[in-house]
**Student:** 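Take this structure, written in structure tokens, and hold onto it; I'll ask about it next.
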Amino acid sequence: MSKRLQIIGVTSELGAGTRGSSLGLDAMQIASLQYDRSFFLRHPEIRLETVNHHLYQETDLNYAKRLDGIAEMYNRIENVVNQSLRDDQFPLIVAGDHSSAGGTIAGIKKAFPNKRLGVIWVDAHADLHSPYTSPSGNVHGMPLATAIHEDNLECQNNQPEQETIWHWNEMKGSNQRVLPQDLVYIGVRSTETPEDVIMEKYEIPNYTVEEVREQGIAAICKESLEYLGDCEILYLSFDVDSMDPSISEGTGTPVPGGFNEEEAREIVLTLLKDPRFICFEMVEINPLLDKKGNSMAETAFRIFKPVYEQIEAQEQN
């Protein structure tokens, strides 16, 4: 029996350092008018209520800004993803900033607590900071640290407030949701020393843009999936900043040297052919930073639509 696909909109942007990623789904829907006007009529999304009102208030949590609101969003995301999976749906999440992914992973593990979860992270950044190490305090750089239950105290350079520590521990949960050896990076090219330490400590593979081009997308995807061979279920997180800023600067932290649109689309579609994938997430579309009109959202839609259609076809077979 085929699963029903469910688009979930998480228009939260509390974890980012710049404003505008909460508008990413709206921008992508506007982009769809140019390519497939009725797409979101045929495939309507559900949207989580946000707590973006925290943006209008000063935060005194300097090492994990607005973590109180983000912890609340973690719970909401966890619950909706869990319910979607329990309803035998395939959630396709379009989120604002990347802090949402920690809640997504929590929801997957809540639905499948006894299954080993593998994560492929297509991104320019490793997102392995904690409140103890983050140079910015922006929580969109921390979701994978919650997933692997890692404070990285050996690289500690911050003294987080007690409220921060309480919320942080709440978000990590009582157990490790993802084993560090069940994480694969593709395209990461901007890290800080604390993240490098974690990546080296756990020997987390990172297939650089250059390696992908040299070895070929098919080979890298095959190797990534084989590396996660012991995982029963998989989750793919796609940050649009994995692509080069020449496509668009419509994302919060663009980094030169990224993939082009065709490469990004092929990577995502090739990976998602593996039937172990049960969730896909796209994040960090920010139309307020786009110097080319709505170019990033247009690119994102040209990736998202074939992803939806491929998964739908696979589920019907």
Side-chain angles (χ1 to χ4, degrees), residues 98 101-102 104-105 108-109 115-130 133 140-152 154-155 172 176-244 253 255-260 263-284 303 307:
H98 217 163
T104 300
I105 291 170
I108 295 171
K109 284 300 290 183
K115 291 194 174 183
R116 187 165 167 179
L117 171 62
V119 174
I120 297 185
W121 201 261
V122 183
D123 198 329
H125 306 88
D127 294 341
L128 276 172
H129 275 295
S130 78
T133 68
H140 68 169
M142 307 183 192
L144 280 174
T146 67
I148 68 171
H149 216 266
E150 177 62 68
D151 294 336
N152 196 10
E154 62 188 289
C155 295
K172 287 192 302 178
Q176 203 173 42
R177 297 183 179 110
V178 177
L179 300 175
Q181 61 264 36
D182 292 339
L183 170 61
V184 173
Y185 288 119
I186 297 179
V188 169
R189 56 194 182 278
S190 177
T191 59
E192 283 86 32
T193 298
E195 295 176 301
D196 295 334
V197 167
I198 293 296
M199 292 171 71
E200 292 172 9
K201 176 181 177 180
Y202 294 116
E203 299 182 336
I204 301 171
N206 174 32
Y207 296 101
T208 66
V209 175
E210 292 76 15
E211 288 173 327
V212 172
R213 288 173 177 162
E214 289 173 4
Q215 299 181 38
I217 290 172
I220 292 296
C221 290
K222 183 175 183 290
E223 190 170 322
S224 300
L225 294 168
E226 288 177 348
Y227 177 83
L228 299 174
D230 291 332
C231 296
E232 300 159 273
I233 53 176
L234 300 175
Y235 156 68
L236 175 58
S237 192
F238 176 75
D239 190 324
V240 297
D241 72 20
S242 62
M243 295 184 287
D244 193 76
T253 49
V255 181
F259 297 112
N260 62 40
E263 290 169 331
R265 182 167 48 245
E266 186 178 348
I267 289 167
V268 170
L269 290 174
T270 302
L271 289 170
L272 287 171
K273 290 178 182 177
D274 191 306
R276 292 176 294 164
F277 277 102
I278 60 169
C279 183
F280 170 76
E281 186 161 11
M282 176 182 283
V283 303
E284 296 280 2
I303 294 172
V307 163

**Student:** Does Ser242 have any side-chain contact (heavy atoms from CB on, under 4.5 Å) partners at least two apart in sequence or in another chain, and if so, which?
**Tutor:**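 Scan of Ser242 (side-chain contact (heavy atoms from CB on, under 4.5 Å), adjacent residues dropped) gives Val122, Phe238, Phe259.
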**Student:** Please check if the side chain of Glu284 supplies one atom and the backbone of His98 the other of a donor-acceptor pair under 3.5 Å.
**Tutor:** yes
**Student:** Report the residues that fulfil side chain to side chain donor-acceptor pair (under 3.5 Å) with Asp182, sequence neighbours left out, ordered by chain and then residue number.
**Tutor:** Arg116
**Student:** Please list, chain by chain and in numerical order, all residues satisfying salt bridge (charged side-chain N to carboxylate O under 4.0 Å, His left out) with Glu200, sequence neighbours excluded.
**Tutor:**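 For Glu200 there are no salt bridge (charged side-chain N to carboxylate O under 4.0 Å, His left out) partners, ignoring immediate neighbours.
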**Student:** Could you list all the salt bridge (charged side-chain N to carboxylate O under 4.0 Å, His left out) pairs where at least one residue sits in residues 220-230, not counting sequence neighbours?
**Tutor:** Lys222-Glu226
**Student:** If you compare all heavy atoms of Gly258 against all heavy atoms of Asp244, which two are closest, and at what distance to 0.1 Å?
**Tutor:**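 For Gly258 versus Asp244, the nearest heavy atoms are N-OD1, 3.1 Å.
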**Student:** So which heavy atom on Ala126 is nearest to which on Trp121, and how close?
**Tutor:**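 Taking Ala126 first and Trp121 second, the nearest heavy atoms are O-NE1, 4.2 Å.
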**Student:** Which residues pass the side-chain contact (heavy atoms from CB on, under 4.5 Å) test with Ser130, sequence neighbours left out?
**Tutor:** Tyr132, Thr133, Trp168
**Student:** Of all residues at least two apart in sequence or in a different chain, which pass the side chain to side chain donor-acceptor pair (under 3.5 Å) check with Glu195?
**Tutor:**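 Residues passing side chain to side chain donor-acceptor pair (under 3.5 Å) with Glu195: none at all.
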**Student:** For Gly118, does its backbone N or O pair with a side-chain atom of Arg276 as donor and acceptor, under 3.5 Å?
**Tutor:** no
**Student:** Where the side chain of Tyr185 meets the backbone of Ile204, is there a donor-acceptor pair that is under 3.5 Å apart?
**Tutor:**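 Looks like no, no N/O pair under 3.5 Å.
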**Student:** Classify the side-chain pair Tyr202/Glu150 by whether it contains a donor and acceptor separated by less than 3.5 Å.
**Tutor:** yes
**Student:** Has Arg265 got a side-chain atom pairing as donor or acceptor with Val307's backbone, closer than 3.5 angstrom?
**Tutor:** no
**Student:** Among residues at least two apart in sequence or on other chains, which ones pass side chain to side chain donor-acceptor pair (under 3.5 Å) with Thr253?
**Tutor:** Asp241
**Student:** Under the rule for ring pair (Phe, Tyr, Trp, His ring centres under 6.0 Å), what residues qualify as partners of His140, not counting sequence neighbours?
**Tutor:**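 So His140 forms no ring pair (Phe, Tyr, Trp, His ring centres under 6.0 Å) with any residue.
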**Student:** Sort and list the pairs that fulfil salt bridge (charged side-chain N to carboxylate O under 4.0 Å, His left out) and have at least one residue in residues 208-217, not counting sequence neighbours.
**Tutor:** Arg213-Glu263
**Student:** With sequence neighbours excluded, what pairs up with Ser224 under the side chain to side chain donor-acceptor pair (under 3.5 Å) test?
**Tutor:** none
**Student:** Return the OG1 to OH distance between Thr104 and Tyr235, rounded to the nearest 0.5 Å.
**Tutor:**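 Going from the OG1 atom of Thr104 to the OH atom of Tyr235 covers 4.5 Å.
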**Student:** Taking only residues two or more places apart in sequence, or in another chain, which ones meet Thr193 in a side-chain contact (heavy atoms from CB on, under 4.5 Å)?
**Tutor:**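 Thr193 satisfies side-chain contact (heavy atoms from CB on, under 4.5 Å) with Val197 only.
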**Student:** Could you pull out all residues at least two apart from Glu266 that satisfy side-chain contact (heavy atoms from CB on, under 4.5 Å)?
**Tutor:**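 Testing Glu266 for side-chain contact (heavy atoms from CB on, under 4.5 Å), a comparison that skips the adjacent residues, returns Ile217, Thr270.
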**Student:** Do His125 and Asp239 meet the criterion of a side-chain donor-acceptor pair at a distance under 3.5 Å?
**Tutor:**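 No, Asp239 and His125 have no side-chain donor paired with an acceptor closer than 3.5 Å.
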